[in-house]
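What follows is a short report on a single structure.
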Amino acid sequence: MKIVSWNVNSLRVRLPQVLDWLAANQPDMLAIQEIKMVDEDFPVEAIQGAGYQMLVSGQKTYNGVCILSKLAGTDVHKDLPGLDDPQRRVLAATYGDVRLVNLYVPNGESLESEKYGYKLNWLSKLDTYLQHELKKHPRLVVVGDFNIAPDDRDVHDPVAWKDQVLCSEPERQAFQSLLAHGLKDTFRLFDQPERIFSWWDYRAMAFRRNIGLRIDHILASASMAAVCRASYVDKAPRKLERPSDHAPVVAEFDV
DNA sequence: ATGGTGGCGCGGCCA
């Protein structure tokens, strides 16, 4: 089973790249963030034509998530319990006996911003939600744009980013709390090259200079981590014309 | 270098 997370920064713009990537890579599930469209505008025919089913939690202009999959998803969740939030950032479903949670964690903007408080509160509600999901679903995979670089290895310049948003201690502690509940960062289950990132700013030729952060993650419960055979970033789509600022992250499981 | 680029949608927000 191949599970992928990709922040596409507008599915309308990136649809041709998504279709090409699906055809070439044939994931079982592709969790997408920042589709930036309402459900009514979703390209149903194009996705079905590629051989995929879909679940969508769309929003105009901002946010919006979906899951493309070969099998139908059931038991769909679109909200975090205890958080009354119009922002569409969560989509969870069950595929066979695997539970998949797709997240677009708030960015936070800066430590001084109101949005930072919203992010930390959101992560607190997520923490509680995932504890319950872990109890209900032994085979749980949590993916998405976490907007958190878990440690300094995930940052091109840890000194410059110290205590900045995406790298601050409260954010990193929220990420570590998820791991403490039993989730594994699948990327760190394997030896990895240095300076592997999943997001590069559009500005200042950051991608060409590999000035990035690893903020997109695939976490797995113990039983799924035990059968994880690979976890990596596919930089190829980031090299295309008019790319997303994020690359897909991929995990493969012997399931 | 307090800028820079990109998406949405047509001014300003968000990342």
Handout entry: Interatomic distance at C1', dA1(B) relative to dG12(B), whole Å
Key = 24 Å
**Asked** Under 4.5 Å between any side-chain heavy atoms of M1(A) and V98(A), yes or no?
**Response** yes
Check your understanding: Does D154(A) pair with R188(A) as a salt bridge, N-O distance under 4.0 Å?
Key -> yes
Of dG7(B), dG9(B), dT5(B), the nucleotide closest to the side chain of S10(A) is dG7(B)
(message) Using the P atom as the point on both nucleotides, what is the distance between dC14(B) and dC10(B), in whole Å?
(response) 16 Å
Whole-Å distance, H246(A) NE2 to dC14(B) P, equals 17 Å
| said: Taking the cut-offs as 6.0 angstrom to the six-membered ring centre and 45 degrees off its axis, would you call R214(A) and F197(A) a cation-pi pair? | reply: no
* Considering only the P atoms, how many Å lie between dA15(B) and dG9(B), rounded to the nearest integer? -> 15 Å
Is it true that D97(A) and R139(A) make a salt bridge, defined as a side-chain N closer than 4.0 Å to a carboxylate O?
yes
Item checked: Salt bridge flag under 4.0 Å for residues R12(A) and D41(A) -> yes
note: R242(A), atom CZ; dC8(B), atom P; distance rounded to Å ~ 7 Å
To the nearest angstrom, the CD-C1' distance between Q87(A) and dC14(B) comes to 10 Å
Residue pair W199(A)/P243(A) against DNA chain B: nearer the 5' end by closest nucleotide is P243(A)
dC13(B) OP1/OP2 closer than 4.0 Å to side-chain N/O of T61(A):
no
To the nearest angstrom, the OH-P distance between Y202(A) and dT5(B) comes to 13 Å
Whole-Å distance, D245(A) CG to dA15(B) P, equals 12 Å
Out of dA15(B), dG9(B), dG7(B), minimum distance to the side chain of K60(A) belongs to dG9(B)
Between CG of D201(A) and P of dG3(B) the distance, given in whole Å, is 15 Å
5'-most contact on DNA chain B (nearest-nucleotide basis), E109(A) vs K36(A), goes to K36(A)
Taken to the nearest whole Å, CG/N9(A) to P/dC8(B) is 7 Å
R12(A) has its side chain closest, among dG7(B), dA15(B), dC8(B), to dC8(B)
Winner on side-chain proximity to R14(A), out of dG4(B), dG7(B), dC14(B), is dG7(B)
>> Once you apply a heavy-atom cut-off of 4.0 Å, does R89(A) come out as touching a base, just sugar-phosphate, or nothing?
In response: sugar-phosphate
**Prompt:** Base, sugar-phosphate, or nothing: which does Y104(A) touch, judged by heavy atoms less than 4.0 Å apart?
**Reply:** sugar-phosphate
Between CZ of R203(A) and P of dT2(B) the distance, given in whole Å, is 13 Å
